[in-house]
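Here's the structure we're looking at; comments come further down.
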Amino acid sequence: MMQDKKLSRVLFAVLSLGALVVLLIIGNSAFKWYKAYGRSQQAVFLLISLLIMAAIVCIGSLLRWGSGLSIKTFFILLLLVSILPRLFWVLSVRTEPFSDFLHMHNYGVAVSQGDFKNYVNFYACFPFKFGFGFLVGGLYALFGTGPLVMPLFNVVMSLAMVTLVYFIGREIFSETAARASAFFCALWPAQIMYSSVVAAENSFIVPFLGAILVFMRFIKKLGANQRSYGLLVLSGLLTAIAQAFRPMSMILLPVFGVYLLLFVSLEAKRQKSLLIKLLSIALVAVSYFVALKLISLPIKQLSGIDITKTGSGYNLLVGTNYDGDGKFNQEDFALIAAYDYDFDRVHEEAFKLAVERITKDPMRFLDLVGTKIYYMWGTENYGYYWSITPASGGPLLKTIKTYPRSFYAGSDFFYLFMLLLAMAGCVLALIKKNTKAAPLFLLMGGLFVAYCFLEIQSRYHFPAVPVFILLAGFGVSQITALIKPKNKKLSGEI
C-alpha cells in the first residue's frame, strides 16, 4: 500500500507537470491572440490588462469569493449572475442559424413534424448529429420552432452548467474554490454569447460535467457500501447522453479508468484493490455502452441511423490537411460525396489518406500541429462570431455589431485570465499533492493531444474551458488564503 501511494505521488507529479506544459503552450497561443488587440500600443494594453486581472483577484480575495455568504444567498446571486447576461444577450441578439447550425435547425424542424429522415445527405457519415437533432426536434415539438426556443433552453442549460461547476469544485478542491469557479463560469463571455446559437455544446456540457461530478462522488464513497456502485452506472449513463450529442464525450471513460487505476488508494490488499478497480471500470464502461445502445434504438428505428457507430477517419483527414490548417475544407469534404455518403467507406478511406499525409512528411505535420494549436486553443472568438453572423434585432444589436473587436477582446481577456490562474492552480495542486485534480489534468491532456490530429475549430475546445475555470478557481482560492487568512466562522465554508 505504501509503495502504491508513493508511485501515485510520483505519477501525479509527472501528470501535473505535463498539464502545466499544456497550459503554457495554450497560454502562449492565447497571449499571441490577445496582444494583437493592442495594435501599436501593445505594451500599454497588456499592462492595463494585467492590472485589471490583479484588481479582480484582489477584490475577489478580499470578498473571499462570496464564502462569507450563506449557501442560499450565494446561490440566489449566482442564479442572477448566470441568467441575466444570457437573457440580455438572447433577447437582444436573434441569431439566425447558418452553416452547420442551419442544417441542425432544419432537421430539428423536420423531427418535430415527424419527418425523421429529412436530413442533409452528409449527416449519414456523422451519427452523433442525430442525438442532438432529436433533442432539438423534441423541444420544437413541445414549444414550437420560434427563434427563442433553443436560446432560452440554452440559458437553462447554462445555469445547470454553472451549478455543476460549483459542485465539482467543492468535490475536488474546497468551498472557496467552488464559489470562485462558479462565479467565473457564470461570467464566461464566449459561452454567454454562444447561448443564442443552436449548438450542441450548450446541451452536451451538462451531462458531460454531470458524469464527472457523479464519478468523483463515487470515488469518495468507494468501499463504503455496495449502493455507491449505482453512481458508476449513473456516470456511465450521463457519459452516454453526452456522447449522443458530441462525439468526444467518450474520452471520459479512459480518464475515469486511468484515475481509478493509478491515483485512487483503497484500504485493501493489492489483489483485492486491483479487482475492485477493474470491476468498477468495467461497470462504468458497460453502463455507458448499454445506455448509448438504448438511446440509439428509437433514433435508429425512426431515422435509420445508428448513433453508436463512431468513425474518426474523416476528422483525422481534415485535421491533416496542410492547406486548410486542419480546419474544414472543400477538398476533404468532397470525399464524402465521392464515396456516396457511405459511413464505413468514407471513414476507412479518409483514415488511409490521413495516415499517408502524416507518414509522408512527419516534420511538415509537426509544423501543422503548431498552427492548429494556435487556431484551436488560442482564442474564444467562436462565441461572438457564431452568434452575430448572421443575426437580427433592434438598436442594441446595431451597437453590438459596431464594436466586434471589443467583444472579441473581452472574450480573449477572460480566456487568458483563466489560463493564467489555471497555471497557478496546477502548480498549487502539485505542491499540495491534491491527486483529486488528476481527472482534470487527464481530460485536458487528452483533448489537447486528440486535437493535434483531428479537425479543429476554436469552438471545439469548449469542454476544456470548465476545466480551466475549475483550476483557476482553485488557484485564486489559494491566493485568497494568502491575502486574507481564513476565518473559520464564515458560514459558507464546509
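Keep in mind that the numbers below use all heavy atoms, side chains included, and drop hydrogens, waters and symmetry copies. Just so you know, residue 1 is the first one in the sequence shown, and it goes up from there.
Ring-plane geometry between Tyr259 and Phe263 is classed as parallel, the angle between the planes falling under 30 degrees on a 0 to 90 degree scale with a further cut at 60. Ring orientation note: the planes of Tyr415 and His461 are close to parallel, at an angle under 30° on the 30°/60° scale. Ring planes of Phe474 and Phe173: parallel class, angle under 30° (limits at 30 and 60°). Classified by interplanar angle (parallel below 30°, tilted 30° to 60°, perpendicular above 60°), the ring pair Tyr166/Phe74 is tilted. Classification of the Phe204-Phe208 ring pair by plane angle, with boundaries at 30° and 60°, yields tilted. By the 30° and 60° cut-offs, the orientation of the rings of Phe256 relative to Phe215 is parallel.
Side-chain contact of Trp65 with Thr480: a donor-acceptor pair under 3.5 Å is present, judged by distance alone. Looking only at atom types and distance, the side chain of Thr308 has no donor-acceptor partner in the side chain of Ser296 under 3.5 Å away. Side chains of Glu380 and Trp33: a donor-acceptor N/O pair is absent below 3.5 angstrom, by distance only. Residues Ser458 and Thr379 have side chains that never bring a donor and an acceptor to within less than 3.5 angstrom of each other.
Rounded to the nearest 0.5 angstrom, Leu420 CG and Leu23 CG are separated by 10.0 Å. Once rounded to the nearest 0.5 Å, the distance linking CG of Leu274 with CG of Leu261 reads 7.0 Å. The distance from the CG atom of Leu416 to the CG atom of Asp412 is 8.5 Å, given to the nearest 0.5 Å. The distance from atom CG of Leu430 to atom CG of Leu15, rounded to the nearest 0.5 Å, is 10.0 Å. Note that CG of Leu84 and CH2 of Trp89 are 15.5 Å apart. Values are rounded to the nearest 0.5 Å. Rounding to the nearest 0.5 angstrom, the gap separating the CZ atom in Arg86 from the OG atom in Ser158 is 4.5 Å.
Taking the six-membered ring where the residue is Trp, the centroids of Tyr314 and Phe126 are separated by under 6.0 Å. Taking the six-membered ring wherever Trp is involved, the centroid distance between the rings of Tyr460 and Tyr382 does not fall below 6.0 Å. Centroid-to-centroid, the aromatic rings of Tyr385 and Tyr408 stay 6.0 Å apart or farther.
No donor-acceptor distance shorter than 3.5 angstrom exists from the side chain of Ser29 to the backbone of Gly378, with no hydrogens or angles considered. Put simply, the side chain of Ser195 gets close to the backbone of Gln191: a donor and an acceptor are under 3.5 Å apart. Listed for the Lys372 side chain is no donor-acceptor partner under 3.5 Å among the backbone atoms of Gly326. For Ser387 (side chain) and Met193 (main-chain N/O), a donor-acceptor pair under 3.5 Å exists by modelled atom type. Judged by distance alone, the side chain of Arg64 and the main-chain N or O of Gly60 form no donor-acceptor pair under 3.5 Å. A donor-acceptor pair is defined here as one N or O able to donate and one able to accept, closer than 3.5 Å; such a pair exists between the side chain of Ser8 and the backbone of Leu262. In terms of modelled atom types and a separation under 3.5 Å, the side chain of Thr320 and the main chain of Ile358 share no donor-acceptor contact. Remark: the backbone N or O of Leu46 is not paired with any side-chain donor or acceptor of Lys35 at under 3.5 angstrom. Between the side chain of Arg459 and the backbone N or O of Asn381, no donor-acceptor pair lies under 3.5 Å. Asn434 places a side-chain N or O within 3.5 Å of a backbone atom of Ile172 that can act as its donor or acceptor partner.
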Step-by-step ring-ring contact (aromatic ring centres under 6.0 Å, His included) determination, Phe407 to Tyr384: CA-CA 7 Å; Phe407 287 95; Tyr384 181 86; 5.3 Å; yes
Ile26 and Phe468: CA distance, side-chain angles, deciding distance, side-chain contact (heavy atoms from CB on, under 4.5 Å) verdict: CA-CA 11 Å; Ile26 294 173; Phe468 302 151; 4.0 Å; yes
Worked verdict on Ile295 versus Gln243 for side-chain contact (heavy atoms from CB on, under 4.5 Å): CA-CA 10 Å; Ile295 293 170; Gln243 178 71 13; over 6 Å; no
Test side chain to side chain donor-acceptor pair (under 3.5 Å) applied to Thr371 and Tyr322, step by step: CA-CA 10 Å; Thr371 302; Tyr322 299 109; over 6 Å; no
Ser406 vs Tyr37, side-chain contact (heavy atoms from CB on, under 4.5 Å): CA-CA, chis, key distance, verdict: CA-CA 9 Å; Ser406 298; Tyr37 296 115; over 6 Å; no
Pair Trp386-Tyr194, ring-ring contact (aromatic ring centres under 6.0 Å, His included): steps then yes or no: CA-CA 7 Å; Trp386 290 110; Tyr194 203 48; 7.9 Å; no
Derivation and outcome, side-chain contact (heavy atoms from CB on, under 4.5 Å), residues Phe167 and Leu164: CA-CA 5 Å; Phe167 283 110; Leu164 286 167; 5.7 Å; no
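Shown here is Tyr375, whose OH atom has no more than 12 heavy atoms of other residues, nucleotides or ligands within 6.0 Å. Applying the 6.0 Å contact sphere to CZ of Phe351 captures no more than 12 heavy atoms from other residues, nucleotides or ligands.
Side-chain contact between Ile276 and Lys272: present, with at least one pair of heavy atoms (C-beta onward) separated by less than 4.5 Å. Between Met418 and Leu471 there is no side-chain heavy-atom pair separated by less than 4.5 Å. You'll find the side chain of Phe75 reaches within 4.5 Å of the side chain of Thr163, heavy atoms only. Side-chain contact between Leu87 and Leu152 is present, with at least one heavy-atom pair separated by less than 4.5 Å. Residues Phe128 and Phe245 fail the side-chain proximity criterion, which asks for heavy atoms closer than 4.5 Å. Looking only at side-chain heavy atoms (C-beta outward), Asp100 and Lys129 come within less than 4.5 Å of each other. Proximity of Ile219 to Leu260: side-chain heavy atoms (C-beta onward) are separated by under 4.5 Å at one or more points. The side-chain heavy atoms of Trp188 and Met161, taken from C-beta on, include a pair separated by under 4.5 Å.
Considering every non-hydrogen atom in both Asn154 and Ser203, the closest pair reads OD1-OG, 4.3 Å. Closest of all the heavy-atom pairs between Thr176 and Ser477 is CG2-CB, 3.8 Å. Tyr34 and Ala409 get closest at one heavy-atom pair: CE1-O, 3.5 Å. Closest approach of Cys426 and Ser16 over heavy atoms only: SG-O, 3.2 Å. Val165 and Pro466 make their closest contact through CG2-CB, 4.4 Å (heavy atoms, listed as atom of the first residue, atom of the second, distance). In terms of heavy atoms, Phe130 sits closest to Ile299 at CB-CG2, 4.0 Å.
Using a 4.0 Å cut-off between charged side-chain N and carboxylate O, Glu455 and Lys327 make no salt bridge.
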